[in-house]
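Residue numbers start from 1 in every chain, and the chains themselves are labelled A, B, ... in the order their sequence lines are given, proteins ahead of strands. No hydrogens, no waters, no symmetry mates; every other heavy atom, side chains included, goes into these values.
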Amino acid sequence: MPELPEVETIARQLRGLVTGRVIGAFRSHWGRLTEPVPPRHFARRLVDRRIEGVRRRGKLVLFDLDGGDVLVVSLRMTGQLLFREAEAPPDLRVRGVIAFTDRSEVRFVDTRKFGRMAIVDGREIGADGTARSAAGARAHGPLHATSGIEPLSRAFTTRWLGDFLHRRGRSAIKVLLLDPRGIAGIGNIYDCEALWRARIHPTRLAGSLTTAEAARLHEAIGWVLRKGIRLGGASRRDYLDARGRAGRMQREFQVYAQADRPCPRCGRAIVRSVQGGRATFHCPRCQTVRVP
DNA sequence: GGCGATGTTTCCCC
DNA sequence: AGGGGAAACATCGC
């Protein structure tokens, strides 16, 4: 559910809500939430720490703590971080709770239990959230997938993307964009939307893209991600932001989940297919398979 | 009740 | 290297 714009929305909200608060207690309601670290050890490292800030890295939420530790939260498919004031009514499927000394709390709600938390030494993480060493990477454990470039950073240039497409030339572009080791934060929704905007067929090999197509793709990735952030992310089913509210991006999908509906650009019916085990949506007229 | 699908990531086999 | 499939897990819709 949460991709870069959704996680960015949550991180920005939490930054305003919890910065300066002091953790009074941590409770795990699901044994595997903090594995391989036992919840008791986890709690010991969090209690009495002050939240200095909240950041996003890829699809991870990072809480910077005083003393230098960083609490890393991976929401995976269905994770939510809900801020609740003291005495708020209970929520369903709460897997973990960060309780502050003023009795407000952040609740980690996660239907499918794929989400995880970890605590890493901040010295092992660069200012951009990337692990500085193999040891740092290991410290993230299952959370360290995010090592790719940030697509909204200045480093993500058209030239960088062109080189990347050349290096990974044998990969299908749709699948390549989903790999967080290359570019961090793009999920299925923004992948489909960016390829449609750039008029590139999802099965095209990365190495077959022309310079003009690579430039369009670079623009499209930034455009769809920024639009997603501006609209507070996309919501489906029970996905909510840190304030418990839905985003508005789901109303703006041009192709994602729009099978059989007319392409907003040319009117041809949008096609749903499966690629790399993921549902893919594209316009068979606008997004041509043939290399120009 | 069964089957297939769901926004993510990792892992294993070919 | 890359593709495909499965797995982690729960719920929803047909």
Side-chain angles (χ1 to χ4, degrees), chain A residues 1-10 29-36 56-61 72-81 91-96 108-118 131 137-138 140-148 164-194 202-208 224-225 228-229 231-241 246-253 255-260 272-281:
Chain A
M1 147 171 41
E3 303 180 29
L4 185 154
E6 289 72 35
V7 179
E8 179 68 26
T9 298
I10 291 166
H29 296 158
W30 191 59
R32 302 185 61 187
L33 176 63
T34 61
E35 75 178 2
R56 175 194 62 74
R57 165 74 179 118
K59 296 172 186 166
L60 304 176
V61 179
V72 183
V73 180
S74 172
L75 303 170
R76 288 291 186 103
M77 294 281 270
T78 55
Q80 302 176 56
L81 286 169
D91 288 291
L92 294 175
R93 304 181 188 94
V94 176
R95 312 304 181 193
F108 185 65
V109 172
D110 185 19
T111 301
R112 289 176 71 178
K113 298 178 175 171
F114 289 168
R116 293 292 185 273
M117 293 187 180
R138 278 194 299 280
H140 282 259
L143 301 179
H144 189 63
T146 298
S147 53
F164 177 62
L165 296 176
H166 182 69
R167 285 201 304 277
R168 303 290 303 277
R170 305 296 302 275
S171 303
I173 187 63
K174 150 86 184 184
V175 175
L176 183 59
L177 294 182
L178 284 174
D179 186 346
R181 293 168 300 183
I183 303 171
I186 299 176
N188 208 18
I189 291 173
Y190 296 91
D191 190 352
C192 292
E193 295 292 314
T203 63
R204 288 277 300 282
L205 295 187
S208 79
V224 299
L225 293 176
I229 292 170
L231 295 180
S235 306
R236 291 184 72 194
R237 299 194 179 175
D238 58 352
Y239 168 70
L240 300 170
D241 64 25
R248 303 185 306 283
M249 179 66 186
Q250 66 277 10
R251 304 175 192 164
E252 303 288 324
F253 292 160
V255 288
Y256 182 80
Q258 306 299 305
D260 301 327
R272 178 191 188 279
S273 57
V274 175
Q275 193 184 354
R278 310 296 303 277
T280 297
F281 301 87

Under 3.5 Å, which N/O atoms of the protein pair with N/O atoms of nucleotides 4-9 of chain C?
from	atom 1	to	atom 2	distance (Å)
C:dA8	O3'	A:Arg32	NH1	3.3
C:dC9	OP1	A:Arg32	NH1	2.9
C:dC9	O4'	A:Arg112	O	3.2
C:dC9	O2	A:Arg112	NE	2.6
C:dC9	N3	A:Arg112	NH2	3.1

**Q.** Inter-nucleotide C1' distance (B:dG7, C:dG3), Å rounded
**A.** 22 Å
Q. Which residues satisfy the ring pair (Phe, Tyr, Trp, His ring centres under 6.0 Å) test with A:Phe253, sequence neighbours excluded?
A. A:Tyr256
Q: Calculate the interatomic distance between A:Arg204 atom CZ and C:dG3 atom C1'; express it in whole Å.
A: 19 Å
Q | Separation of B:dT6 P from A:Phe253 CZ (nearest whole Å) | A | 13 Å
Q: Answer yes or no: does a side-chain N or O of A:Thr78 lie under 4.0 Å from OP1 or OP2 of B:dG7?
A: no
Q.
Rounding to an integer number of Å, can you tell me how far A:Arg168 CZ sits from C:dA1 P?
A. 9 Å
Q: Go through the structure and list residues passing side-chain hydrogen bond (donor to acceptor under 3.5 Å, both in side chains) with A:Arg168, not counting sequence neighbours.
A: none
Q: Write down the distance between CD1 (A:Ile186) and C1' (B:dT9), rounded to a whole number of angstrom.
A: 15 Å
Q) Sequence neighbours excluded, which residues qualify as salt bridge (Lys or Arg N to Asp or Glu O under 4.0 Å) partners of A:Arg248? A) none
What N/O pairs connect the protein and nucleotides 12-14 of chain B at under 3.5 Å? Give each pair on its own line.
none

Q) Does A:Val94 have any side chain to side chain contact (heavy atoms under 4.5 Å, CB included) partners at least two apart in sequence or in another chain, and if so, which? A) A:His29, A:Asp91, A:Val97, A:Arg107, A:Val109
Q) With A:Arg95, which residues qualify under salt bridge (Lys or Arg N to Asp or Glu O under 4.0 Å), at least two apart? A) none
Q: Using a heavy-atom cut-off of under 4.0 Å over every strand shown, decide if A:Tyr190 touches base, sugar-phosphate, or nothing.
A: nothing
(Q) Work out how far the P atom of C:dA6 is from that of B:dC3, and round it to whole angstrom. (A) 15 Å
Q) What is the distance, rounded to the nearest whole Å, between atom CE of A:Met249 and atom P of B:dG7? A) 15 Å
Q | Any residue meeting salt bridge (Lys or Arg N to Asp or Glu O under 4.0 Å) with A:Glu8, in chain and number order, not counting sequence neighbours | A | A:Arg12, A:Arg56
Q: Determine the stems involving DNA chain B; a stem requires 3 or more consecutive pairs of the Watson-Crick or G-U wobble kind, each with both distances below 3.5 Å, and the answer is none if no such run exists.
A: B:2-6 with C:10-14, B:8-14 with C:2-8
Q | Contacts of A:Ala257 that satisfy side chain to side chain contact (heavy atoms under 4.5 Å, CB included) - sequence neighbours left out | A | none
(Q) If the cut-off is 4.0 Å, is A:Arg272 near the phosphate of B:dT6, judged by side-chain N/O to OP1 or OP2? (A) yes
Q) Quick one: which of B:dG7, B:dA5, C:dG2 gets closest to the side chain of A:Glu3? A) B:dG7
**Q.** Heavy-atom neighbours of A:Arg170 CZ exceed 12 at 6.0 Å
**A.** no
Q: Find the distance A:Ile183:CD1 to B:dT9:C1' and express it as a whole number of Å.
A: 17 Å
Q) In whole angstroms, how far is the C1' atom of C:dG3 from the CG atom of A:Asp179? A) 13 Å
(Q) For A:Glu252, give me all partners under side chain to side chain contact (heavy atoms under 4.5 Å, CB included), at least two apart in sequence or on another chain. (A) A:Lys227, A:Leu231, A:Met249
Q. Expressed in angstrom and rounded to an integer, what is the separation of A:Arg278 atom CZ from B:dT10 atom C1'?
A. 13 Å
Q: Could I get the full list of side chain to side chain contact (heavy atoms under 4.5 Å, CB included) partners for A:His166, not counting sequence neighbours?
A: none
